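Below is one structure, written out as structure tokens; comments come after it.
In listed order, ligands and their atoms are each counted from 1. The first residue of the sequence shown is numbered 1, and numbering continues consecutively from there. Being a predicted model, the structure only gives us computed values, none of them experimental.
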Amino acid sequence: MGLGDPPNQMEILRIQGGTHLEGEVQVGGSKNAALPQFAAALLSEEETILENVPDLSDVRFMGEILHHLGASVERVGKNTWKIKPTNIQPNAPYELVRKMRASICLLGPLVARLKKAKIPMPGGCVIGHRPIDLHLLALEDMGALVSLNQGVVEVDGHDMRPCTIFIGGRHGSTVTGTANAIMASVLTDGLTTLDGAACEPEIVDLCEMLTKMGAKIKGAGSHKLTIEGVKNLHGCTHRVIPDRIEGATYILAGAITRGKLNIKGILTNQLGAFTKVMRESGVNLNPLGDDMLEVTTTSEELNPFEIITLPYPGFPTDLQAQACAFACTIPGLSILTERIYPSRFMHIPELLRMGAKVSVEGPNAIVRGGKRLNGAPVMASDLRASAALILAGLVADGETWLHRLYHLDRGYEALDKKLRNLGAEVERLPESSLPHSFRSPLD
Ligand code: EPZ
């Protein structure tokens, strides 16, 4: 099975609005847990097997990068990968790294295992300013020499030593920064303490995988982690946790269409502040066991809400766009404050094209909800914006045509197919099938 099948640039999604979603949907493995775990496999020469890995272009990219570093990478079945990094080298290729920021997670494992790494600095990102200063500061605090040479971060980790460091930043903790600091210190003899660490479930899952490989980590899930370095790590078999962001996106799909859904495989205790906001807005979330959730709405008329995006367990920034689309359908004033990526509002101009009433003031999106949305051709700017526009299309009058579908395929496995199984009229089509009236005069 190919490692890196190119995303289909020319596909668009046609969404016919007006369906109340109904039925059962299964949540897949977490993208943001799987990507750092692919990197973590590099910490041992032995084979690691990752199960419940989502079938996404980002995952295939990561597999390609590991392959380029010299690891044997094999996909066995749709959601299982075997990684054997017996002989690896420290240089990651710009051509691959530039496609995916999460490749920065290679830094920690390469420095720990090979005592050096050369990783191109990630470029710009549409969701906002995303520096890696905290990643590099953590390595320097651990005794590594860090330099930037023609856009490539070069790290010499021969003098790494145990230490106590604070890795929080202006916007709170850093998720992949914490992952990198953990992975950089698991092979450093002595006790390393990370203060201000991220508590995301993806970090807890990474620590569980590393512990299976023989690492000694305490405090996973808290802001204070202690890592006792070991000489070597061995391979392991690990099942990736479910994707809480995908699961919550389906909760919002059920709520926005005022439907009735059962969401399977979602860990309800990982939804943090999101659950509270949903309930306050009038969405019923009824757990059916540990990993099944029934989603219904009390009435057509729901309550406007306010959110502030924060690190876990606060309201996830990766759900802000989808929640914004939901707020557009609720009469009244909703306010969404984006504290993690203050300019992460690329979905709003597209929602305005659908007739929504939203204004942006600094980090706040102010939604005057309740106005009926109209179908329109819209453009996805990033992964979560594409999900938000699909949710809006599900309730809009007429057809919505979503361009740049490759953004969606980076983070949602078969979302259109899953929505069709819930009764939605959604289909992937070649761009050439766009109605003439929707074509840009330039086409
Ligand atoms: C992770 O990105 C996720 N990606 C993002 O999901 C998610 O939006 C983000 O965490 C926040 O929850 C993966 O896990 C692969 P951060 P990450 O470092 O680790 C600032 C999606 O849609 N910061 O926690 O890159 C940063 O600018 C993606 O799936 C620094 O200032 O995010 C941001 O404001 C998008 N310096 C804040 O911290 C640094 O060195 C949090 O970023 C690092 C971060």
Side-chain angles (χ1 to χ4, degrees), residues 28-40 54 56-59 61-62 97 99-108 119 121-141 146 153 165-183 196-206 223 240-241 243-249 270 272-274 308-322 338-344 346-347 363 380-388 407-413:
S30 162
K31 165 182 82 81
N32 291 346
L35 296 174
Q37 290 175 20
F38 268 59
L56 306 169
S57 52
D58 273 11
V59 167
F61 277 145
M62 195 55 129
V97 167
K99 292 183 186 160
M100 183 180 59
R101 296 188 64 79
S103 47
I104 197 65
C105 289
L106 298 164
L107 210 48
I119 309 266
M121 184 97 151
C125 179
V126 290
I127 70 174
H129 178 44
R130 300 182 73 183
I132 57 163
D133 55 325
L134 300 172
H135 299 240
L136 305 182
L137 281 171
L139 289 171
E140 282 178 335
D141 286 349
V146 177
V153 175
I165 55 175
F166 176 76
I167 49 173
R170 279 178 315 122
H171 302 281
S173 53
T174 161
V175 179
T176 49
T178 300
N180 256 330
I182 296 168
M183 295 189 280
C199 308
E200 270 67 3
E202 295 76 29
I203 292 293
V204 175
D205 200 36
L206 174 66
H223 286 306
V240 176
I241 52 170
D243 195 317
R244 63 193 167 99
I245 304 296
E246 182 199 14
T249 301
Q270 292 189 349
F274 173 78
I308 299 178
T309 64
L310 290 167
Y312 187 84
F315 193 97
T317 172
D318 295 345
L319 291 172
Q320 178 260 107
Q322 300 94 312
E338 179 51 75
R339 279 273 161 74
I340 308 283
Y341 301 111
S343 54
R344 191 179 194 172
M346 301 294 287
H347 46 286
S381 54
D382 61 272
L383 167 58
R384 307 304 172 183
S386 54
H407 284 297
L408 184 79
D409 296 334
R410 298 190 60 170
Y412 290 95
E413 181 177 334

**Request:** If you have a sec, work out which protein heavy atom is nearest atom 42 (O) of ligand 1 and how many Å separate them, to one decimal?
**Result:** Tyr341 OH, 3.7 Å
**Message:** Main chain of Ala387, side chain of Gln322: is a donor-acceptor contact present, judged purely on distance under 3.5 Å?
**Reply:** no
**Asked** If we only count N/O pairs under 3.5 Å, is Glu200 in contact with ligand 1?
**Response** no
**Message:** Please list, in number order, the atoms of ligand 1 under 4.0 Å from a heavy atom of His135.
**Reply:** 40 (O)
**Prompt:** Given Phe274 and Ile245, is the side-chain contact (heavy atoms from CB on, under 4.5 Å) satisfied, shown in steps?
**Reply:** CA-CA 10 Å; Phe274 173 78; Ile245 304 296; over 6 Å; no
**Request:** Report yes or no: does Arg130 contribute a side-chain atom to a donor-acceptor pair with the main-chain N or O of Arg101 at less than 3.5 Å?
**Result:** no
**atom 37 (C) of ligand 1 - nearest protein heavy atom and its distance** = His171 CB, 3.8 Å
**Asked** Is there a donor-acceptor contact under 3.5 Å from the side chain of Glu338 to the main chain of Tyr341?
**Response** yes
**Message:** Only heavy atoms of Thr317, strictly under 4.0 Å: list the atoms of ligand 1 that pass.
**Reply:** 8 (O), 11 (C), 12 (O)
**Request:** Name the closest protein heavy atom to atom 5 (C) of ligand 1, giving the residue it belongs to and the distance to 0.1 Å.
**Result:** Asp318 OD2, 3.7 Å
**Closest protein heavy atom to atom 19 (O) of ligand 1, given as residue, atom name and distance to 0.1 Å** = Thr176 OG1, 2.6 Å
**Asked** Looking only at atom types and distance, does a side-chain atom of Asn180 sit under 3.5 Å from a main-chain N or O of Ile104, one as donor and one as acceptor?
**Response** yes
**Request:** Would you check whether His129 reaches within less than 4.0 Å of ligand 1, judged by its heavy atoms?
**Result:** yes
**Complete:** Ranked by distance from atom 2 (O) of ligand 1, the top protein heavy atom is Arg130 NH2, 3.2 Å
**Item:** Option whose closest heavy atom lies nearest to atom 43 (C) of ligand 1, chosen from Ser173, Pro131, Gly169
**Value:** Pro131
**Message:** Can you name the atoms of ligand 1, numbered from 1 with element, that are less than 4.0 Å from a heavy atom of Lys31?
**Reply:** 21 (C), 29 (O)
**Message:** Contact between His171 and Pro342 at the side-chain level, heavy atoms closer than 4.5 Å - yes or no?
**Reply:** yes
**Request:** Give the residue, atom name and distance (to 0.1 Å) of the protein heavy atom nearest atom 41 (C) of ligand 1.
**Result:** Ile340 CG2, 3.8 Å
**Prompt:** Got a salt bridge between Lys31 and Glu413, using NZ or NE/NH1/NH2 to carboxylate O under 4.0 Å?
**Reply:** no
**Message:** Using a 4.0 Å cutoff against the non-hydrogen atoms of Ile127, which atoms of ligand 1 qualify?
**Reply:** 35 (C)
**Whether Thr178 lies under 4.0 Å from ligand 1, heavy atom** = no
**Request:** Look at Arg344 together with Asp318 and state whether they make a salt bridge at an N to O cut-off of under 4.0 Å.
**Result:** yes
**Donor-acceptor pair, side chain of Thr178 and main chain of Ala198, under 3.5 angstrom** = yes
**Prompt:** Is there a side-chain contact (heavy atoms from CB on, under 4.5 Å) between Glu202 and Gln37 once you walk through the steps?
**Reply:** CA-CA 9 Å; Glu202 295 76 29; Gln37 290 175 20; over 6 Å; no
**Message:** Could you identify the single nearest non-hydrogen protein atom to atom 29 (O) of ligand 1 and state the distance to 0.1 Å?
**Reply:** Arg384 NH2, 2.8 Å
**Request:** Report the nearest protein non-hydrogen atom to atom 1 (C) of ligand 1: residue, atom name, distance rounded to 0.1 Å.
**Result:** Val175 CB, 4.0 Å
**Request:** Verify the neighbour count for atom CZ of Arg339: are there more than 12 heavy atoms of other residues, nucleotides or ligands below 6.0 Å?
**Result:** no
**Message:** Against Ser103, only a single residue in Thr176, Leu35, Val97, Asp58 fulfils side-chain contact (heavy atoms from CB on, under 4.5 Å); can you say which?
**Reply:** Val97
**Item:** Contact atoms of ligand 1, heavy-atom distance to Arg344 under 4.0 Å
**Value:** 8 (O), 22 (O), 35 (C)
**Asked** In ligand 1, which numbered atoms sit nearer than 4.0 Å to a non-hydrogen atom of Ile132?
**Response** 39 (C), 40 (O)
**Message:** Regarding ligand 1, does Leu134 bring an N or O atom to under 3.5 Å of one of the ligand's N or O atoms?
**Reply:** yes
**Message:** I need the contact type for Tyr312 against ligand 1. Using non-hydrogen atoms and a strict under-4.0 Å cut-off, is it side chain, backbone, both or neither?
**Reply:** neither
